[in-house]
Amino acid sequence: RRYETSEIFIKLDEELDENWIMLVYLKDNDPASNIIVEDKTNPEKTSIKNTWENESFQFIQFLKACENNDINYIESYLKPQLIFNTQGNSKLKFLSFSNLPIVNCVGADLCKNFCYSLKAWRYPRPFFKQARNTILTQNYFNIIEKAIDKLIKTTFKKHKKIDFRLYVDGDFNTLKELKNWMNLLKKHSTLKAYGYSKSLNLFQDLFNEGFKYPSNYKLNLSNGGLFDNLFKWCQDHLSIVRGQFLAVDIGKNQSGFNRTKTQRQLLKEKMGNDKYFVCGGICSDCTKIGHACGLDQFKNIKIVIPIH
């Protein structure tokens, strides 16, 4: 039923989707991961491997370690794969990082009404991963640095280029956080990072401090935020800007991928004479030369996607 979130469920006709009887899905929406089955047909015998209770317990242990500043426990518990998504998924086949959406999105505004990231909170693992990463970015960024160092030396040791989406969910929350990430990218030229941000005030503030942004980061200006008025300033002053990435309202119940002729026609009507490229929803193969959002060839070309 839910193709985009790899869900199959059984429910009574008159019930809402959330009131399913049996739910089957891929863990973390990753085709290479395990299949999770949640069965409510017999509550006394329900057994779910990936439960909220289990993930909650692990998160509480993590919080206790943070409270006691137990760095040894935090580092031993948080393997790089618990911080980063190293294998990607059906929509995004790159290394990626997320934190909690809205909570960290200082530029969030209208986008809160159609934030797709919140859908992931139906599953415990993505939610707690984002929550842990929020704490790490604010208090233990050195652990993130060590994790990326280890990944580059092990998992990606044979890669000359590592595509890296910095924030699938969430955004830069503070000036310090933005600077930390940009300095990390400067240290690792093999990382070819890109992202979508509404925290454009932070990018402006860091620029005004005289900071030099790394050449291996491409910024897509994401609409629906408090700082959409900074689009032109960013494009005029920041060399890292690829261009605008626009979520366009063409009606309800649109797919995140599988662009139909009807969708393309509606997008064309919305965009008028503007030069634009339609996002197909699969980040790794939208063009023959790579993903458009990270390419100089698409600089200042608006990339559009239906609100979904």
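Residue numbers count from 1 along this sequence.
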Q: With rounding to the nearest 0.5 angstrom, report the CD to CG distance, Gln204 to Leu206.
A: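 Going from the CD atom of Gln204 to the CG atom of Leu206 covers 11.0 Å.
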Q: May I ask you to decide if the ring planes of Phe277 and Phe298 are parallel, tilted or perpendicular, using 30° and 60° as cut-offs?
A: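 Because their plane-to-plane angle is over 60°, the rings of Phe277 and Phe298 count as perpendicular.
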Q: Hydrophobic clustering (ILVMFWY, side-chain heavy atoms < 4.5 Å, transitive) - are Leu110 and Ile250 grouped together?
A: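 No, separate clusters.
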Q: From Ile102 CD1 over to Cys111 SG, what is the distance, rounded to the nearest 0.5 angstrom?
A: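 The CD1 atom of Ile102 sits 7.0 Å away from the SG atom of Cys111.
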Q: Are any non-hydrogen side-chain atoms of Leu246 and Leu221 less than 4.5 angstrom apart?
A: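 Side-chain contact under 4.5 Å: no.
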Q: Using ring-ring contact (aromatic ring centres under 6.0 Å, His included) as the criterion, point out the one residue from Tyr123, Phe57, Phe59 that pairs with Phe128.
A: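 Only one option passes, and that is Phe59.
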Q: So, using salt bridge (charged side-chain N to carboxylate O under 4.0 Å, His left out) as the criterion, who are the partners of Lys232 when residues are at least two apart?
A: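 Expected list: Asp236.
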Q: For the hydrophobic clusters of this structure (ILVMFWY residues joined by side-chain heavy atoms under 4.5 Å, transitively), does one cluster hold both Ile71 and Ile135?
A: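 Yes, Ile71 and Ile135 fall within the same hydrophobic cluster.
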Q: Is there a donor-acceptor pair under 3.5 Å between the side chain of Thr287 and the backbone N or O of Gly290?
A: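 Here the side-chain-to-backbone pair exists.
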Q: Please walk me through it: do Phe207 and Cys234 pass side chain to side chain contact (heavy atoms under 4.5 Å, CB included)?
A: CA-CA 10 Å; Phe207 173 86; Cys234 290; over 6 Å; no
Q: Do you know the tightest heavy-atom contact between Val106 and Phe172?
A: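 Residues Val106 and Phe172, closest heavy atoms: CG2-O, 3.9 Å.
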Q: Less than 6.0 Å separating the ring centroids of Phe211 and Tyr213?
A: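 For Phe211 and Tyr213, the ring centres are under 6.0 Å apart.
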Q: Just checking Glu269: does its CD atom have more than 12 heavy atoms from other residues, nucleotides or ligands closer to it than 6.0 angstrom?
A: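 Yes, CD of Glu269 has more than 12 neighbouring heavy atoms, counting only those of other groups under 6.0 Å.
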Q: Does the side chain to side chain contact (heavy atoms under 4.5 Å, CB included) test come out yes or no for Tyr77 and Phe62, once each step is laid out?
A: CA-CA 8 Å; Tyr77 163 64; Phe62 168 73; 4.1 Å; yes
Q: Establish, from distance only, whether the side-chain atoms of Ser197 and Asp171 form a donor-acceptor pair under 3.5 Å.
A: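 Yes - a donor-acceptor pair under 3.5 Å links their side chains.
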Q: Taking atom CE of Met182 and atom CG of Leu184, what is their separation to the nearest 0.5 Å?
A: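 Going from the CE atom of Met182 to the CG atom of Leu184 covers 9.0 Å.
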Q: Is there side-chain contact between Cys293 and Ile303, with heavy atoms separated by less than 4.5 Å?
A: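 They are in contact (side-chain heavy atoms under 4.5 Å apart), so the answer is yes.
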Q: Which distance, rounded to the nearest 0.5 Å, do you find between the CG of Asn183 and the CZ of Phe141?
A: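 That separation rounds to 8.5 Å.
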Q: Would you say the side-chain atoms of Lys270 pair up with the backbone N or O of Asp249, donor to acceptor, closer than 3.5 Å?
A: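 Yes, because the side chain of Lys270 sits within donor-acceptor range (under 3.5 Å) of the backbone of Asp249.
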Q: Are any of the side-chain heavy atoms of Leu238 and Trp233 separated by less than 4.5 Å?
A: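 SC-SC contact between Leu238 and Trp233 confirmed.
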Q: On a heavy-atom basis, which atom in Gly107 and which in Ser199 lie closest, and how many Å separate them?
A: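 Scanning both residues completely, I find the closest heavy atoms to be N-OG, 4.3 Å.
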Q: To the nearest 0.5 angstrom, please state how far the CG atom of Asp274 sits from the CD1 atom of Ile301.
A: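 Rounded to the nearest 0.5 Å, the CG-CD1 separation comes to 12.0 Å.
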Q: Test Asn104 against every option in Asp169, Thr134, Thr174 by the side chain to side chain donor-acceptor pair (under 3.5 Å) rule and name the one that passes.
A: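 For Asn104, the side chain to side chain donor-acceptor pair (under 3.5 Å) test succeeds with only one of Asp169, Thr134, Thr174, which is Thr134.
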Q: Does the plane of the ring in Trp181 sit parallel, tilted or perpendicular to the ring in Tyr167? Use 30° and 60° as the thresholds.
A: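 Perpendicular.
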Q: Is the ring pair His159/Phe156 parallel, tilted or perpendicular, if the boundaries are 30 and 60 degrees?
A: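 Correct class here is perpendicular.
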Q: How far apart are the closest heavy atoms of Pro306 and Gln263, and which atoms are they?
A: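 Shortest heavy-atom contact: CG-NE2, 4.1 Å.
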Q: Any salt bridge between Lys129 and Glu55, counting N to O under 4.0 Å?
A: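 Salt bridge flag = no for Glu55 with Lys129.
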Q: Run Arg132 and Asn99 through side chain to side chain contact (heavy atoms under 4.5 Å, CB included) and show every step you take.
A: CA-CA 8 Å; Arg132 284 195 306 267; Asn99 61 11; over 6 Å; no
Q: Any ion pair linking Lys192 and Asp163 (charged N to carboxylate O, less than 4.0 Å)?
A: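 No, Asp163 and Lys192 are not salt-bridged.
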Q: Hydrophobic clusters here meaning ILVMFWY residues chained together by side-chain heavy-atom distances under 4.5 Å, can you tell me if Leu151 and Ile162 are in one?
A: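 Linked within one cluster.
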Q: Gln235 and Asn300: side-chain donor and acceptor closer than 3.5 Å?
A: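 On atom types as modelled, these side chains qualify, holding a pair under 3.5 Å.
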Q: If you define the side chain from C-beta out and look only at heavy atoms, does anything of Lys198 sit under 4.5 Å from Leu226?
A: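 A side-chain contact under 4.5 Å is absent here.
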Q: Do Phe164 and Leu185 have side-chain heavy atoms sitting under 4.5 Å apart?
A: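 Touching, per the 4.5 Å side-chain cut-off.
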Q: Under 3.5 Å, side chain of Asp228 to main-chain N/O of Gly225, donor-acceptor pair present?
A: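 Here the side-chain-to-backbone pair exists.
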Q: When you measure from the side chain of Asn223 to the backbone of Ala247, do you find a donor-acceptor pair of N or O atoms at a distance under 3.5 Å?
A: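 Confirmed, Asn223 side chain pairs with Ala247 backbone.
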Q: Run the salt-bridge test on Asp70 and Lys64 with the 4.0 Å N-O cut-off and return the result as yes or no.
A: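 No, no charged N to carboxylate O under 4.0 Å.
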Q: Pair Leu219, Phe203 - check side chain to side chain contact (heavy atoms under 4.5 Å, CB included), show working.
A: CA-CA 10 Å; Leu219 171 62; Phe203 282 91; 3.9 Å; yes
Q: Test of understanding: clusters of I, L, V, M, F, W, Y form through side-chain heavy atoms closer than 4.5 Å, transitively. Do Val103 and Phe227 belong to the same one?
A: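 Same cluster.
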Q: Identify the two heavy atoms, one from Val278 and one from Tyr276, that lie closest to each other, and give their separation to 0.1 Å.
A: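 Closest approach of Val278 to Tyr276: CG2-CE1, 3.6 Å.
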Q: Can you check whether Val304 reaches Met271 side chain to side chain, under 4.5 Å on heavy atoms?
A: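 A side-chain contact exists here, since the closest heavy-atom pair is under 4.5 Å.
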Q: Considering all heavy atoms of both residues, which atom of Asn133 and which atom of Leu82 are nearest to each other, and what is their separation?
A: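 Between these two residues, the closest heavy atoms are OD1-O, 4.4 Å.
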Q: Judged by modelled atom types alone, do Tyr140 and Asn69 share a side-chain donor-acceptor pair under 3.5 Å?
A: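 There is such a pair (donor and acceptor under 3.5 Å, judged by atom type) between the side chains of Tyr140 and Asn69.
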Q: Is the count of non-hydrogen atoms from other residues, nucleotides or ligands lying under 6.0 Å from Lys268 atom NZ greater than 12?
A: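 At most 12 heavy atoms, drawn from other residues, nucleotides or ligands, come within 6.0 Å of this atom.
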Q: Would a distance-only check, ignoring hydrogens and angles, find a side-chain to backbone donor-acceptor pair under 3.5 Å from Asn216 to Leu191?
A: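 Yes, the answer is positive, given that a donor and an acceptor are paired below the 3.5 Å cut-off.
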Q: Do Lys302 and Lys275 have side chains that get closer than 4.5 Å, going by heavy atoms?
A: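 Result no, sub-4.5 Å side-chain heavy-atom pair not found.
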Q: With side chains defined as the heavy atoms from C-beta onward, is the minimum distance between Phe127 and Leu100 less than 4.5 Å?
A: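 Yes, side chains in contact.
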Q: Going by atom types only, do Asn253 and His308 share a side-chain donor-acceptor pair under 3.5 Å?
A: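 Judged by distance alone, the side chains do not pair up.
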Q: Under a 3.5 Å threshold, yes or no: a donor from one side chain and an acceptor from the other, between Gln138 and Glu177?
A: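 No, Glu177 and Gln138 have no side-chain donor paired with an acceptor closer than 3.5 Å.
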Q: Measuring from Gln130:CD to Phe97:CZ, what's the distance to the nearest 0.5 Å?
A: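 The distance works out to 10.0 Å.
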Q: In the single-linkage hydrophobic clustering (I, L, V, M, F, W, Y; side-chain heavy atoms under 4.5 Å), do Ile307 and Val168 co-cluster?
A: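 No, separate clusters.
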Q: Compare every heavy atom of Lys218 with every heavy atom of Gly294, then report the nearest pair and how far apart it is.
A: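 Smallest interatomic distance, heavy atoms only, reads O-CG, 3.7 Å.
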Q: Quick one: does any side-chain atom of Arg242 pair with a main-chain N or O of Gln244 as donor and acceptor, under 3.5 Å?
A: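 Indeed, once roles are kept as given, a pair shorter than 3.5 Å links the two residues.
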